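Encoded as structure tokens, the structure appears first; notes follow it.
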Amino acid sequence: MKLYKNIMCATAIGLAMTATGCSDFLDSDNKSSVTDTDYFSTESGFKSLVYDSYAQLTDIFSTGDTPEFFNAGTDLYQDSRRDIDPGLHRWQNFNPQHATVLKFYTQCYDGIRSTLQIQHYAPSAKVSADVKQKAIDEGRFINSMFYYLLVNNYGGVPLVTEYASTAVKGYPVSPAKDIYAHIIDQLTEVIANNKLVPSSAIQGGGEASIESAKALLAKTYLSAAWDLNRPDYFTEAARLADEVIAGRTLTADFADLWAADYSGDDNAEFLFDIEYSYEATHDKSKGNAWQSYFSGYYGGQEEGMKNGSSDFTPNLHALKCFEPGDKRYSVTFLQELLVEDTWDPTDPDAEKFGVSAPKGDYFGWYKNGNKAQGKPVGVYYPAHWESTPQQIAAWRAQDPVNRAMTFVIPMGEKTAVIEPWKIYYADMEESTTGVVAKYDFDNHDVVQSKAWAVHPCRKFDDSNTAMYKSGVSFRDVHVITLPEVFLVASEAYLKGGQPGKADDRLNALRRRAGLSDKSNITIDDILKEGACEMFGNGFRRMDLRRTQKLIEYNNLYNPHLKGSAAEVIGAKTLWPIPQAAIDANDMIDNSVNSWGY
């Protein structure tokens, strides 16, 4: 389905247990005397309930909080000019009052309530039995998605299975095993009903399908196997993942898959999406902000660059997860930032983009055929395996006219600093190799807090709109992907005692990336591959928590928690149920968070 406006009133079940339903919305001063049941029994009214359920997903997967929802407090991302939320990333003053934890919880229950409306109004809907059941199953798929997110982030939560059209005082917290059982039962029935389309991937991927339901069920079994200590669930996760894979290999080039011109958005590998369409959208400023994520600051709109979020930039560990020659690296990051003219260090405005100094040309790289050749390069970010003086000299020699004055910022242990520009010029004068590599890459105060410190993430760029401002990308948001299913299969087979099959599933990703096969893989190998394949669009925090690596990886790689993660995080590997939800629910109290908070 295309992106639909939220046309329904949706109140957070987790917060407002006194919700009175949508009848007030329709009945208030209702001169036409059309009740909620009257409207939702019509074909268009009933379909609007389905559209609304899909639209609820945007509040999770397409919001300014999305990077924090899934990637704060992990091993791959670091502060830049803006700090990542200290509660989520450092466990600093992290408690049930935390605003982002409340927002995530609220939005999940908003979505759950929306999906339950479909089942509530279905009996009176004047549509065929097949249309009715398909709509119900679409809602149950989305409902399962929200509960999957809740159980993986909070553990046990209130289990709401019926739409509340009258006041409800509250719901008890159900243990994680009951939440997992609910998801498994729902998705198993949806698959057995066989009313969803087999696959919607090449038609846009925005509609629930049997394929995406099996993928979500595989992910659920995998998480439940770890959390509930159910080894038999690893077998189920592997079986379902292989049913989704269906003998396929990853044949699409990674660059084509993530093409900035949208040409890869409807590839068969993208199983379930939130779809965007520039042509079909009335308000052209209402896209998504994914283009800005995982990028630093590179100048303002007047300076010709793109608007980076200035946080969640990759740390050195993330960059080193990519092995030499990994094709995914140059698709994930833009290594050459173009300018409209070559730098001139004698220019009085050379320390900034100004009236006479060269203006940036960020999207010129795409207009030039996804390459820098023949265009002036302002800044070059060589990967950690291509940063020697000899390699950089060879890179300059490919286009000496346009690269002679390029600033080079190596993405290795030692890097350069160009804020202000005069630092780089001074360092170059001192250099005996022609390459500046003197500052510790992971030093926040000296490097990471500066503009230009790390190459921008280009994986989610929109080269069609090619606009600086945030929120105007119309690329689809890919929620469930086939590569993720390969990772699920690999992990499930490994934990299920079939290491050969685990190797095979993981190596499918490595071969596409141009890397050699691995054997006798470990959980660490799977997490490393996931960091490269799903940088930005993965569920890193959930992956680390599930695999019991959250404390270990933060202790090793999170600069705020190195050497102290066990003490700081303690038992707080899950989020607390928000205090506002506890206060509004007569059937729970603060003891629901006694395990860590």
Side-chain angles (χ1 to χ4, degrees), residues 78 80-81 295-300 303-305 308 310 313-316 319-320 329-330 333-362 364-365 371-456:
Q78 62 190 355
S80 186
R81 287 165 65 97
S295 298
Y297 179 74
Y298 313 96
E303 295 163 352
M305 291 299 174
S310 295
T313 56
N315 60 22
L316 187 58
L319 299 180
K320 286 204 163 186
Y329 190 91
S330 62
F333 307 110
L334 185 58
Q335 295 181 260
E336 298 157 322
L337 298 189
L338 302 188
V339 291
E340 293 184 353
D341 199 356
T342 55
W343 298 117
D344 179 3
T346 65
D347 191 309
D349 290 322
E351 289 190 11
K352 63 182 180 64
F353 289 125
V355 176
S356 59
K359 184 179 181 181
D361 189 18
Y362 182 89
W365 191 88
K371 64 183 188 302
Q373 192 70 22
K375 297 290 184 179
V377 180
V379 184
Y380 173 49
Y381 298 93
H384 63 86
W385 66 82
E386 54 189 15
S387 295
T388 67
Q390 295 78 16
Q391 288 171 313
I392 293 170
W395 176 84
R396 290 190 192 273
Q398 293 174 11
D399 192 358
V401 172
N402 291 304
R403 300 180 181 183
M405 300 307 301
T406 299
F407 290 94
V408 177
I409 306 181
M411 296 288 97
E413 283 88 353
K414 297 293 184 179
T415 186
V417 173
I418 61 173
E419 185 187 5
W421 301 116
K422 62 184 179 183
I423 292 179
Y424 185 82
Y425 290 128
D427 290 339
M428 276 295 288
E429 290 178 0
E430 297 175 2
S431 173
T432 59
T433 64
V435 177
V436 178
K438 62 180 290 187
Y439 303 96
D440 291 338
F441 183 91
D442 279 338
N443 187 317
H444 178 263
D445 293 334
V446 177
V447 177
Q448 299 307 328
S449 62
K450 307 293 187 182
W452 306 84
V454 187
H455 45 34

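Everything quoted here is computed from the prediction, not taken from an experiment.
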For this session: Would you check if there is a donor-acceptor pair between the side chains of Y380 and H455 at a distance under 3.5 Å?
Result: no
For this session: Would you check if V417 and I423 make a side-chain contact, meaning some heavy-atom pair closer than 4.5 Å?
Result: yes
Exercise. Taking only residues two or more places apart in sequence or in another chain, which ones pass side-chain hydrogen bond (donor to acceptor under 3.5 Å, both in side chains) with R403?
Worked result: Q373, Q398
Exercise. Regarding Q335 and W395, is there a side-chain donor-to-acceptor distance under 3.5 Å anywhere?
Worked result: no
Exercise. Any side-chain heavy-atom pair from V454 and P314 closer than 4.5 angstrom?
Worked result: yes
For this session: Calculate, to the nearest 0.5 Å, the distance between atoms NZ and OH belonging to K450 and Y297 respectively.
Result: 14.0 Å
For this session: In sequence, state the C-alpha distance, the side-chain angles, and the governing distance for W452 and Y424, and then conclude on ring pair (Phe, Tyr, Trp, His ring centres under 6.0 Å).
Result: CA-CA 12 Å; W452 306 84; Y424 185 82; over 10 Å; no
Problem set entry | Test item: V447 and T415 side chains (from C-beta on) under 4.5 Å apart, heavy atoms | yes
Problem set entry | Euclidean distance, E386 CD relative to S330 OG, rounded to 0.5 Å | 8.5 Å
Seminar exercise, completed: A416 and P410 have their tightest heavy-atom pair at N-CD, 3.8 Å
Problem set entry | Intermediate values then yes/no, side-chain contact (heavy atoms from CB on, under 4.5 Å), Y329 and M411 | CA-CA 12 Å; Y329 190 91; M411 296 288 97; 3.8 Å; yes
For this session: Check whether any side-chain heavy atom of P382 lies under 4.5 Å from a side-chain heavy atom of V408, and answer yes or no.
Result: yes
For this session: Would you please test V339 and D361 for side-chain contact (heavy atoms from CB on, under 4.5 Å) and show each step?
Result: CA-CA 5 Å; V339 291; D361 189 18; 5.7 Å; no
Exercise. At their closest point, which heavy atom of S387 faces which heavy atom of H384, and how far apart are they?
Worked result: OG-CA, 4.1 Å
For this session: Would you check, one step at a time, whether the test side-chain contact (heavy atoms from CB on, under 4.5 Å) holds for L337 with Y381?
Result: CA-CA 9 Å; L337 298 189; Y381 298 93; 3.9 Å; yes
For this session: Give the intermediate values and the outcome of salt bridge (Lys or Arg N to Asp or Glu O under 4.0 Å) for residues D427 and K438.
Result: CA-CA 9 Å; D427 290 339; K438 62 180 290 187; 3.3 Å; yes
Problem set entry | Validation row: P376, L338 side chains within 4.5 angstrom (heavy atoms) | no
Exercise. Are any side-chain N or O atoms of S310 and backbone N or O atoms of R81, one a donor and one an acceptor, separated by less than 3.5 Å?
Worked result: no
For this session: Taking atom types as modelled, find out whether Q78 and Q448 have a side-chain donor-acceptor pair closer than 3.5 angstrom.
Result: yes
For this session: Please lay out, stage by stage, how N402 and K375 fare under the test side-chain contact (heavy atoms from CB on, under 4.5 Å).
Result: CA-CA 6 Å; N402 291 304; K375 297 290 184 179; 5.6 Å; no
Problem set entry | Y425 and F407 aromatic centres sub-6.0 Å | yes
For this session: Answer yes or no: is there a side-chain heavy-atom contact under 4.5 Å between E413 and D440?
Result: no
Exercise. Of all heavy-atom pairs between I409 and A453, which one has the smallest distance, and what is that distance?
Worked result: CG2-O, 3.7 Å
Exercise. Is there any ring-ring contact (aromatic ring centres under 6.0 Å, His included) pair reaching into residues 426-446, and which pairs are they, with sequence neighbours excluded?
Worked result: none
For this session: Could you check if a side-chain atom of Y298 sits within less than 4.5 angstrom of a side-chain atom of P456, using non-hydrogen atoms only?
Result: yes
Exercise. Is a side-chain donor or acceptor of E429 paired with a backbone partner of A426 at a separation under 3.5 angstrom?
Worked result: no
